[in-house]
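In what follows, a structure is listed as structure tokens, so that the remarks can point back to it.
Computed over heavy atoms, backbone and side chain alike; hydrogens, waters and symmetry mates excluded.
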Amino acid sequence: MRKRWPVIAGVVMVLSGAAAIYAPQAGAATVFSANFEDGSVSGWSKSGGTWAVTQDGSQVARQSKADAENARLFNASTSLTDYTVQARVKPLSLGSGGFVGLLSRASGATVFYRLALLPGRAELQAVQGSSVTVLGSSTRSIGTGTWYTLSITTSGSTVSGAIDGAQFAAGTSSASSAGRIGLQTAYSTASFDDVVVTTGGTAPPTTAPPTTTPPGTTRPPTSAPPTSAPPTTPPVTTPPPTSPPGSANGLVGFATLTGYGRTGTNGGAGGPTVTVTNYAQLAAAVADDAPRIVRVSGTITGNRDDMLDVGSNKTVIGIGSNATISGFGLDINGWGPEEIAWGGDICDPAERDQFTHTRNVIIRNLSFRNTPDDSVNVQCYSHHVWIDHNTFYPANDGSVDVKRGSDLVTVSYNRYAGTDKSMLLGHSDSNGAQDRGYLRVTYHHNWFDGSNTRHPRVRFGYAHVFANYVSVDDYFIGLGVGGQIYAESNYVRGAKTITEDFGDSRLTWTSSNFYDPATITRANDSGKTIEDWLRADGSVGRPPYSYSAGTASASPPAAGAGVGGADIVP
């Protein structure tokens, strides 16, 4: 994952020596409340899990998917700073590595303070992406089927947490200065009710759990006031200016198709041409969404950022044979700083329609060296992208990754010279909710020149892999979770194995592919069968576009930066 800004440091752990009684103070003003008596969670921003309103003594919000890795509901204003959030929480199941939690100051989907109930303990945490700092903890039995009243109070850099009216932890942290409230589970199920946010004082008194009433009687009203206005929503987005429809010369594959309001990929066609020779010029030339052809001259060295965002309707093309991107990668990704401010570090499925997606980008005739993250990253529902005639040298992470709901991409005539994680399709095994139905990519006429793995590794998407020249140290195609691959006319000069199993991907391997078992390491292991080095079931159909795969060629294609004609704008 790219790093948009440095991780905030300075969290100090402080654990209270004794539990303090958590009593309300005068002057508190209620700014948000929800008791779910309207029967809906539609006003909440939802991500992951299965959320619905159901009866649990009263109307409650319930997360019922026990294997959900990260289920969240967010609400209230993003500008809240010093406040107390309180909610009644009932764990229904707690996985061994799971928790049920209340969130405060959620400045993004993965940055917030959390009071978490875990098996055998409670913790007050500062969460920043995958980094979790424990501000305080308490060993206690956490019972399923038991209601707990949780509250988090923030005041400046001080954060405190209480359970059933008794403070159990406090600490100081600069992780987040403002943000929404939230409800969360991980590998657990739970009910949530009576959510109240107050400012100018501490939490309202603890609400007693409801009691079951005899038939024919009326349950007393809850102490929570009616639900307030819906949460602040992201700004309304407008479609970016776009190049005229149609495809650039020489483009074949998924990037030629119609989808998401666009037909074909032609990058900066119709826009002006600019030449850039340094990082500042390049950054300015690709920052907006206006059509533009950006010609790269010589070597452009990074300014210590891992990735540079590329806007829509751009052709970024090297001049001559030595145009080089060094020390950073190109990020084709509409999830920028403004989106991070209201939605967190990375896009979620619930936010798909709340921001403008990057589209119609061509990256061509560039060499990528010394990349601290990915060389080219296509993510967050970006579409219509053509990556063509580039040379990729080893990067710290992937060379060309396509993930997080991106679609309609062609990767062609590239050379992967000694790369490790060459091409990833699909973010992770747990990202199916975002990736299913997307991730359609054509990989053709690439030269895998002493590279290692992922040519590509496929999760959830459809990969058309044809006419590639394969001389790799480890595996050719990675069979991940839920993927489909149609492979034809590839020439496998040598590999440890043709396929590597990581999940349940299906593969059609046509007779037009070539390999010699003598050059496949696993094929020469005693006791191995063909399923051990080439697992194919023939169930994947041909892609829905016209193309010519030709025959498997015993010579590498004219792939990579600097070959004849690669610096011509297509």
Side-chain angles (χ1 to χ4, degrees), residues 1-2 4 45-48 70 72 108-110 233-243 245 253-265 267 286-289 307-314 329-363 373-374 376-387 398 400-411 423-428 430-442 456 458-463 482-483:
M1 180 187 297
R2 64 179 180 167
R4 293 195 179 260
S45 176
K46 180 169 55 177
S47 177
N70 191 6
R72 292 160 293 174
T110 58
T233 56
V236 176
T237 60
T238 56
T242 188
S243 299
F254 278 113
T256 66
L257 298 186
T258 298
Y260 313 104
R262 173 157 190 95
T263 298
T265 303
V286 301
D288 59 16
D289 292 321
M307 306 291 287
L308 173 64
D309 287 347
V310 177
S312 296
N313 308 306
K314 298 294 183 293
L330 300 181
D331 201 7
I332 302 168
N333 174 16
W335 193 257
E338 291 183 1
E339 289 73 24
I340 287 175
W342 57 259
D345 190 54
I346 199 67
C347 62
D348 290 321
E351 298 152 342
R352 180 190 62 186
D353 300 324
Q354 298 177 348
F355 69 103
T356 301
H357 306 158
T358 300
R359 68 198 72 187
N360 192 33
V361 175
I362 298 173
I363 307 295
D373 198 331
D374 299 328
V376 176
N377 184 31
V378 184
Q379 67 173 345
C380 289
Y381 304 100
S382 298
H383 59 88
H384 290 95
V385 177
W386 186 19
I387 301 165
V400 178
D401 285 4
V402 182
K403 56 195 180 186
R404 297 189 185 277
S406 294
D407 203 5
L408 302 180
V409 177
T410 295
V411 181
M423 299 187 303
L424 178 67
L425 182 59
H427 172 63
S428 69
S430 62
N431 207 51
Q434 187 172 46
D435 286 341
R436 285 189 182 93
Y438 298 91
L439 303 183
R440 291 172 290 176
V441 182
T442 303
V458 181
R459 297 182 178 101
F460 302 112
Y462 179 107

ask   = Below 4.0 angstrom, N of the basic side chain to O of the carboxylate: do K314 and D288 qualify?
value = yes

Practice task
Please lay out, stage by stage, how I346 and H427 fare under the test side-chain contact (heavy atoms from CB on, under 4.5 Å).
Solution key: CA-CA 12 Å; I346 199 67; H427 172 63; over 6 Å; no

Taken in chain and number order and not counting sequence neighbours, the residues that satisfy side-chain contact (heavy atoms from CB on, under 4.5 Å) with T258 are T263

dist D407:CG -> Y462:OH (nearest 0.5 Å) comes out at 13.0 Å

Closest heavy-atom pair, C380 versus S406, reported as atoms and distance to 0.1 Å, is N-OG, 3.7 Å

Sorted by chain and residue number, the side-chain contact (heavy atoms from CB on, under 4.5 Å) partners of D348 (sequence neighbours excluded) come out as S47, R72, A109, E351

I want to know whether Y381 and Y260 have ring centres closer than 6.0 Å. no

So CD1 of I363 and CD1 of I387: to nearest 0.5 Å the spacing works out to 7.0 Å

Here the pair of heavy atoms bringing I332 nearest to V376 is CD1-CG1, 4.3 Å

Q.
Checking the side chain of T410 only, and the main-chain atoms of T442 only, is there a donor and an acceptor separated by less than 3.5 Å?
A. no

Quick one about R359 and H384 (side-chain donor to acceptor, distance below 3.5 Å, no hydrogens or angles considered), yes or no? no

CE of M307 to CD of Q379, rounded to nearest 0.5 Å, is 7.5 Å

Verdict with reasoning, D435 to R459, per side-chain contact (heavy atoms from CB on, under 4.5 Å): CA-CA 8 Å; D435 286 341; R459 297 182 178 101; 5.9 Å; no

Checklist entry - side-chain contact (heavy atoms from CB on, under 4.5 Å) between Q434 and R352: does it pass, once the steps are laid out? => result CA-CA 9 Å; Q434 187 172 46; R352 180 190 62 186; over 6 Å; no

Between the CG atom in N333 and the SG atom in C347, the distance rounded to the nearest 0.5 Å is 6.5 Å

Note: A463 and P456 closest approach over all heavy atoms is CB-CG, 4.4 Å

### Message
Are V409 and L425 packed together at the side-chain level, in the sense that at least one heavy-atom pair is separated by less than 4.5 angstrom?
### Response
no

> Does any non-hydrogen side-chain atom of V310 lie less than 4.5 Å from one of T358?
Replying inline: no

Between the NE2 atom in H383 and the CG atom in L257, the distance rounded to the nearest 0.5 Å is 13.0 Å

OG1 (T356) and CG (D289) are apart, to the nearest 0.5 Å, by 7.5 Å

(Q) Looking at N360 and T265, would you say the former's side chain and the latter's main chain have a donor-acceptor pair under 3.5 Å? (A) no

